[in-house]
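Both ligands and their constituent atoms are indexed starting at 1 by order of listing.
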Amino acid sequence: MSKITAAITAVGGYLPDYVLTNQILETMVDTNDEWITTRTGIKERRLLKDSNKGTSYMAIKAAQDVLEKSGTDPKDIDMVIMATATPDMPVAATGVYVASQIGAVNAFSYDLVAACSSFLYGMSTAARYIESGRYKKVLLIGADKMSSIIDYEDRATCIIFGDGGGAVLFEPNEEGYGLQDEVLRSDGIGREHLKIDAGGSILPASHETVDAKKHYVFQDGKTVFKFAVSNMADGAAKILERNDLTGDDVAWLVPHQANKRIIDATARRMGLDDNKVMMNIERYGNTTSATLPLCLYDYEKQLKKGDKLIFASFGGGFTWGSIYLTWAYDS
Ligand code: COA
């Protein structure tokens with residue numbers, strides 16, 4: 001019997017309607033379109049404005065899109081992995097609620113929390129379950145309501161992040177398509193540079209923490225940028241080398257969308273032209289766990305069976321890595 005590989009067989013996505021443009025941000029904080037565009041590549045981002053709706057709302061929409069496009073009966077889903085940095089609430093996993101809402105009544109589910117690398121790590125996790133032969137349909141969702149943890153008076157962070165959700169279905173493949181190799185890393189040195197101080201077990205919520213705005217994201221952008229540029233490019237270069245690939249062999253780089261300059265540096269290191277780089281940061285900003293599946297969602301029509309894709313990510317923690325995957329279908 002041939003080896004089972006874990007292939008992506010369907011892609012879905014969801015973006016909220018509200019568009020927060022650089023021009024609107026100019027009226028909120030001391031910033032300008034030119035600074036944001038040249039430093040980050042971002043022009044606008046989407047926000048889920050309804051305060052009664054959480055990350056699960058976007059995750060459910062993205063998952064339903066996958067089910068509909070692939071004609072999958074939700075009862076056949078074995079597992080739902082919910083990659084997110086902004087769960088609906090602590091303790092009760094968001095993925096469990098999402099699975100129930102989409103009718104995946106025979107699945108088990110949990111959240112996978114690794115900041116901006118949550119989806120990348122989720123790909124690795126989903127692939128192991130499929131490769132085991134025990135699970136046939138694993139739904140991997142990446143969604144984040146970043147607007148729920150961003151201070152819209154802090155220009156260092158509010159210009160960067162957006163809300164959104166994406167999802168993919170992993171299934172066994174016996175032709176060898178799917179996940180081929182991975183380089184995944186983490187380093188606790190990053191803990192102080194990108195974090196939310198309060199609301200966890202070290203500093204539970206109190207009047208003082210709320211008054212001090214400690215429930216919002218803090219980022220030391222310069223330091224994170226430095227680590228992101230070198231590590232994302234290193235991971236991608238390593239995976240090329242290990243698989244005897246050059247930039248010419250690669251059809252697409254699927255990079256985490258945190259900053260266009262980080263993406264450009266990774267592509268240059270891989271010897272890739274711009275037309276092989278998936279990019280939507282201009283329209284969505286950094287949607288954290290949703291960036292990778294939303295790239296696939298936007299570029300799906302251009303993907304062909306056999307295309308070699310290199311995924312690369314970097315995020316808080318620090319967490320980072322790269323995955324080599326061959327595309328399993330003509331879209
Ligand atoms: N508008 C205008 N000016 C701003 C600004 C804004 N939104 N934010 C910061 N500035 C100012 C700073 O105050 C600073 O001014 P000064 O030189 O007078 O002190 C200047 O612009 C440069 O700030 P700096 O923080 O050095 O900018 P940068 O080039 O590093 O860009 C980020 C800032 C956040 C865009 C960039 O550091 C970044 O993308 N970091 C990594 C993010 C990332 O990859 N995250 C990964 C995990 S998701």
Side-chain angles (χ1 to χ4, degrees), residues 20-45 83-86 113-121 142-164 166 184-196 216-236 254-267 269 279-282 284-295 311-322:
L20 178 62
T21 62
N22 289 351
Q23 285 70 27
I24 298 173
L25 278 168
E26 283 177 3
T27 68
M28 297 163 61
V29 289
D30 181 14
T31 192
N32 58 78
D33 174 50
E34 205 250 328
W35 191 96
I36 302 172
T37 307
T38 52
R39 299 286 177 125
T40 68
I42 303 167
K43 283 286 190 189
E44 58 189 44
R45 33 338 260 133
T84 188
T86 52
V113 182
C116 290
S117 302
S118 303
F119 190 86
L120 189 84
Y121 285 9
D144 269 304
K145 187 180 177 183
M146 294 305 291
S147 61
S148 66
I149 54 171
I150 293 298
D151 176 5
Y152 285 92
E153 292 180 352
D154 176 12
R155 69 176 183 174
T157 52
C158 73
I159 57 142
I160 297 172
F161 295 97
D163 301 338
L184 303 180
R185 296 285 182 272
S186 63
D187 188 340
I189 193 176
R191 182 166 150 123
E192 293 308 316
H193 303 299
L194 178 48
K195 61 178 177 177
I196 296 177
Y216 291 125
V217 169
F218 161 83
Q219 175 171 245
D220 166 7
K222 242 187 201 6
T223 306
V224 176
F225 185 88
K226 206 176 72 192
F227 278 94
V229 162
S230 64
N231 286 324
M232 208 162 112
D234 277 357
V254 192
H256 174 51
Q257 311 279 308
N259 186 312
K260 186 176 182 300
R261 290 182 290 148
I262 300 173
I263 298 171
D264 289 344
T266 304
R269 179 88 178 274
M279 189 97 73
N280 55 22
I281 189 169
E282 189 180 330
Y284 308 148
N286 181 350
T287 54
T288 304
S289 310
T291 60
L292 299 183
L294 282 176
C295 279
F311 293 76
S313 194
F314 184 87
F318 294 129
T319 54
W320 72 96
S322 191

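- Atom numbering of ligand 1 starts at 1 in the shown order; those under 4.0 Å from a heavy atom of Leu194 are 47 (C).
- Looking at atom 38 (C) of ligand 1, its nearest protein heavy atom turns out to be Asn259 ND2, 3.6 Å.
- No more than 12 heavy atoms of other residues, nucleotides or ligands lie within 6.0 Å of CD in Glu153, so this atom counts as exposed by the packing criterion.
- In terms of heavy-atom proximity, Tyr121 sits nearest to Ala114 at CD2-CB, 3.6 Å.
- To the nearest 0.5 Å, the span separating CG on Asp234 from CZ on Arg269 amounts to 4.5 Å.
- From the protein, the heavy atom lying nearest to atom 46 (C) of ligand 1 is Val224 CG1, 3.6 Å.
- Among all protein heavy atoms, the one lying closest to atom 24 (P) of ligand 1 is Lys222 NZ, 3.9 Å.
- The single protein non-hydrogen atom nearest to atom 45 (N) of ligand 1 is Gln219 OE1, 3.2 Å, given as residue, atom name and distance.
- The shortest non-hydrogen separation linking Thr288 to Ala85 is CG2-CB, 4.0 Å.
- Note that atom 19 (O) of ligand 1 has no protein non-hydrogen atoms nearby, at separations under 4.0 angstrom.
- Side-chain atoms of Asp187 come within 3.5 Å of backbone atoms of Ile189 as a donor-acceptor pair (strictly under, hydrogens ignored).
- A pairwise comparison of heavy atoms in Ser313 and His256 identifies OG-CB, 3.4 Å as the closest pair.
- Of all atoms in ligand 1, numbered sequentially from 1 with element shown, those under 4.0 Å from a heavy atom of Ile160 are 34 (C).
- Classification of Asp33 and Lys43 as a salt-bridged pair holds, one side-chain N sitting under 4.0 Å from a carboxylate O.
- Residue contacts with ligand 1 do not include Ile36, since none of its heavy atoms lies under 4.0 Å from the ligand.
- Within the 4.0 Å cut-off (strictly below), a protein heavy atom is located near atom 11 (C) of ligand 1.
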- Item | side chain to side chain contact (heavy atoms under 4.5 Å, CB included) assessment of Asn286 paired with Ile281 | CA-CA 7 Å; Asn286 181 350; Ile281 189 169; 5.7 Å; no

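- In terms of polar-atom proximity, defined here as any N/O pair under 3.5 Å, Asn286 makes no such contact with ligand 1.
- Which parts of ligand 1 touch Ile159 is read off a 4.0 Å heavy-atom cut-off, strictly below it: atoms 7 (N).
- Taking every non-hydrogen atom of Thr40 and a distance limit under 4.0 Å, the qualifying atoms of ligand 1 come out as 35 (C).
- Nearest protein heavy-atom contact of atom 14 (C) of ligand 1 is Arg155 NH2, 4.9 Å.
- Phe218 CZ to Asp151 CG: the interatomic distance, rounded to the nearest 0.5 Å, is 12.5 Å.
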- Message: Using side chain to side chain contact (heavy atoms under 4.5 Å, CB included), reason through Cys116 and Thr291 one step at a time and then give a plain yes or no.
- Response: CA-CA 8 Å; Cys116 290; Thr291 60; over 6 Å; no

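- The protein heavy atom nearest to atom 27 (O) of ligand 1 is Arg39 NH1, 3.3 Å.
- When all heavy atoms of Thr287 and Leu294 are compared, the closest pair comes out as OG1-CD1, 3.9 Å.
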- Task: Test side chain to side chain contact (heavy atoms under 4.5 Å, CB included) on Arg261 and Arg39 and set out the steps.
- Result: CA-CA 7 Å; Arg261 290 182 290 148; Arg39 299 286 177 125; 4.1 Å; yes

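- The protein heavy atom nearest to atom 33 (C) of ligand 1 is Trp35 CH2, 3.8 Å.
- Between Ile262 and ligand 1, no N or O atom pair is found at a separation short of 3.5 Å.
- At a distance under 4.0 Å, a protein heavy atom can be found next to atom 2 (C) of ligand 1.
- Of the protein's non-hydrogen atoms, Gly221 O, 3.1 Å is the one closest to atom 40 (N) of ligand 1.
- Taking the six-membered ring where the residue is Trp, Phe318 and Phe227 present tilted rings, their angle falling between 30° and 60°.
- Close contacts between ligand 1 and Cys116 involve ligand atoms 47 (C), 48 (S) [criterion: under 4.0 Å to a heavy atom].
- Protein heavy atoms are absent from the space less than 4.0 angstrom from atom 16 (P) of ligand 1.
- Between His256 and ligand 1, a contact under 3.5 Å exists for no N or O pair.
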